[in-house]
Amino acid sequence: MVNIILFGPPGSGKGTQSANLIQKYGLIHLSTGDLLRSEIGAQTPLGMEAKKVMDQGQLVPDEVVIGMISSKLDANPEARGFIFDGFPRTSAQAEALDKLLALKKTSIAAVLSLEVPEDELIKRLLNRGLTSGRSDDASEEIVKARIVEYHNKTAPVADHYAKYGKFKKIKGNGSIDEIFSLLSKEIDELVSEKV
Ligand code: B4P
């Protein structure tokens, strides 16, 4: 199994690149953002609670997202591996993920972190907000709050995996194809180590 965390601030391209990587490597895409938006779309109680938090640019409580990931892992016992997109976003989530994977006798192979300057992140998210209907992309104030939340709560996840030599920075600014090639080069090495 090859399990990869695609890491980086809001708007760094995690979702964009995941969509292409799962096609190439036959991995399963687990995006907590997509899972939460589907709960919001279905107007479930979980979705309605999550929306209030997301609309302020804040993170949804750990137990909610950990529960969602745990059931998705259980639902895919035959997977060749997973791309985790937008998860883990806190140290508690990282510890929970390590434990869940250990129970399945596997682990994270690498954390690939998309590095993008802040002005570019803001530009991308506001631009997406013009067409996506996503309320968390609707104003510069919310977008900036999400970036602050990232620095406060998510950046420590990098240290958690750097301790094990699993953290790698990838240039996230450039064409989508160029960044895809950089990520593929890293994943090719991980896949060849497993064979
Ligand atoms: P997410 O859905 O994870 O999304 P994101 O951080 O906004 O974006 P991503 O990095 O995937 O960027 P994308 O490819 O879309 O999170 C949304 C919210 O959900 C969070 O703020 C939080 O409230 C909640 N949440 C999710 N997971 C959670 C967790 N684990 N714990 C707690 N709360 C959680 O790209 C963005 C834009 O840039 C797109 O328009 C794209 O087309 C464009 N783009 C991408 N690559 C580009 C490139 N190379 N050049 C130019 N534009 C590019």
Side-chain angles (χ1 to χ4, degrees), residues 4-22 29-41 46-73 82-97 100 111-157 160 170-184:
I4 289 151
I5 295 174
L6 215 49
F7 193 74
S12 55
K14 303 181 294 289
T16 305
Q17 295 296 335
S18 295
N20 297 331
L21 290 170
I22 52 163
H29 182 201
L30 290 187
S31 158
T32 38
D34 287 351
L35 293 170
L36 289 165
R37 282 185 289 278
S38 115
E39 295 280 340
I40 293 172
L46 187 156
M48 294 300 92
E49 280 308 304
K51 183 172 177 6
K52 286 186 213 155
V53 181
M54 289 164 76
D55 282 356
Q56 293 175 48
Q58 291 169 2
L59 293 180
V60 173
D62 286 336
E63 57 277 18
V64 174
V65 282
I66 292 166
M68 288 193 316
I69 288 288
S70 176
S71 32
K72 288 288 170 189
L73 290 175
F82 295 91
I83 293 199
F84 296 94
D85 158 12
F87 181 90
R89 260 180 158 96
T90 64
S91 299
Q93 291 180 20
E95 280 162 24
L97 177 61
L100 287 172
V111 179
L112 303 176
S113 174
L114 295 169
E115 305 287 312
V116 178
E118 192 161 313
D119 53 350
E120 169 74 9
L121 297 174
I122 295 171
K123 199 171 83 188
R124 286 184 189 180
L125 293 174
L126 291 177
N127 192 34
R128 181 172 66 186
L130 296 175
T131 53
S132 68
R134 273 180 59 168
S135 41
D136 59 346
D137 289 339
S139 78
E140 188 158 345
E141 193 191 344
I142 302 172
V143 164
K144 284 188 170 163
R146 290 167 61 192
I147 294 173
V148 168
E149 191 85 331
Y150 171 80
H151 288 300
N152 289 342
K153 295 187 184 161
T154 306
V157 173
H160 175 87
I170 306 287
K171 185 173 88 80
N173 207 12
S175 76
I176 289 171
D177 286 349
E178 187 188 336
I179 296 154
F180 181 66
S181 299
L182 295 172
L183 290 167
S184 295

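One-based numbering, in listed order, for ligands and for the atoms of each.
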Counting distance only, does the side-chain N/O of Arg128 pair as donor-acceptor with the main-chain N or O of Asp137 below 3.5 Å? no

Between Val116 and Gly172, what is the shortest heavy-atom contact and its length? CG2-O, 3.3 Å

Nearest to atom 17 (C) of ligand 1, what protein heavy atom do you find, and at what distance? Arg134 NH2, 3.4 Å

Answer yes or no: is there a donor N or O on one side and an acceptor on the other, between the side chain of Gln93 and the main chain of Arg89, under 3.5 Å? yes

Of the backbone atoms (N, CA, C, O) and the side-chain heavy atoms from C-beta on, which set of Pro9 has a member under 4.0 Å from an atom of ligand 1: side chain, backbone, both, or neither? backbone

What's the shortest distance from atom 11 (O) of ligand 1 to any protein heavy atom, and which residue and atom give it? Gly15 N, 2.8 Å

So does Leu35 get a backbone contact from the side chain of Glu39, meaning a donor-acceptor N/O pair under 3.5 Å? no

For a 4.5 angstrom cut-off between non-hydrogen side-chain atoms, does Thr154 reach Leu59? yes

Is any side-chain N of the basic residue among Arg146 and Glu149 closer than 4.0 Å to the acidic one's carboxylate O? no

Side chain, backbone, both or neither: which part of Glu149 comes within less than 4.0 Å of ligand 1 when only heavy atoms are counted? neither

Heavy-atom proximity to atom 33 (N) of ligand 1, picking from Ile147, Ile142, Val60, points to Val60

What atoms of ligand 1 come within less than 4.0 Å of a heavy atom belonging to Arg37? 2 (O), 17 (C)

Using distance alone, decide if ligand 1 has a nitrogen or oxygen within less than 3.5 Å of any nitrogen or oxygen in Lys14. yes

How does Asp136 reach ligand 1, if at all, at less than 4.0 Å between non-hydrogen atoms: by side chain, backbone, both, or neither? side chain

N or O contact, Pro88 vs ligand 1, cut-off under 3.5 Å: no

Looking at Glu178 and Lys171, is any side-chain nitrogen of the basic one under 4.0 Å from a carboxylate oxygen of the acidic one? yes

Could you list the atoms of ligand 1 found under 4.0 angstrom from a heavy atom of Arg146? 5 (P), 6 (O), 7 (O), 21 (O)

Identity and distance of the protein heavy atom lying nearest atom 8 (O) of ligand 1: Gly11 N, 3.4 Å

What part of Ile179 sits under 4.0 Å from ligand 1 if we count only heavy atoms: the side chain, the backbone, both or neither? side chain

Give the atoms of ligand 1, by number and element, whose distance to some non-hydrogen atom of Gly174 is under 4.0 Å. 48 (C), 49 (N), 50 (N)

Could you tell me the residue and atom name of the protein heavy atom closest to atom 31 (N) of ligand 1, and the distance to it rounded to 0.1 Å? Gln93 NE2, 2.9 Å

For Pro156, check side chain to side chain contact (heavy atoms under 4.5 Å, CB included) against everything at least two apart and list the hits. Ser91

Numbering the atoms of ligand 1 from 1, which are under 4.0 Å from a heavy atom of Phe87? 30 (N)

Give the minimum heavy-atom separation between Ile142 and Asp55, together with the two atoms involved. CD1-O, 3.5 Å

Looking only at heavy atoms, what is the nearest atom pair of Pro88 and Leu97, with distance? CD-CD2, 3.9 Å

Can an N or O of Leu125 be found at a distance shorter than 3.5 Å from an N or O of ligand 1? no

Examine Glu120 against ligand 1 and note whether any of their N/O atoms are separated by less than 3.5 Å. no

With heavy atoms of Arg128 as the reference, note each atom of ligand 1 found under 4.0 Å away. 7 (O), 13 (P), 15 (O), 35 (O), 36 (C), 39 (C), 40 (O)

Side-chain donor/acceptor of Thr32 to backbone N/O of Gly86, under 3.5 Å: yes

Return the minimal non-hydrogen interatomic distance between Ala50 and Leu36, and the atom names on each side. CB-CD2, 3.9 Å

Minimal heavy-atom distance between Val143 and Leu126, with the atoms involved, is CG2-CD2, 4.1 Å

Nearest non-hydrogen protein atom to atom 41 (C) of ligand 1, with distance, is Thr16 OG1, 3.7 Å

Just need the protein heavy atom nearest to atom 25 (N) of ligand 1, so name the residue and atom and give the distance. Leu36 CD1, 3.6 Å

Gln58 contact mode with ligand 1 (heavy-atom cut-off under 4.0 Å): backbone

Heavy atom of the protein closest to atom 38 (O) of ligand 1 (residue, atom name, distance): Arg124 CD, 3.3 Å

List every atom of ligand 1 that sits less than 4.0 Å from any heavy atom of Pro10, numbering the atoms from 1 in the order shown and giving each element. 6 (O)

Over all heavy atoms of both residues, which pair between Pro117 and Asn173 is shortest? Give the atoms and the distance, please. CD-ND2, 3.6 Å

Which of the ligand 1 atoms, numbered from 1, are nearer than 4.0 Å to a heavy atom of Gly86: 27 (N), 28 (C), 29 (C), 30 (N)

If we ignore hydrogens and angles and just use 3.5 Å, is the side chain of Ser18 paired with the main-chain N or O of Lys14 as donor and acceptor? yes

Which residue owns the protein heavy atom closest to atom 29 (C) of ligand 1, what's the atom, and how far is it? Arg89 CD, 3.5 Å

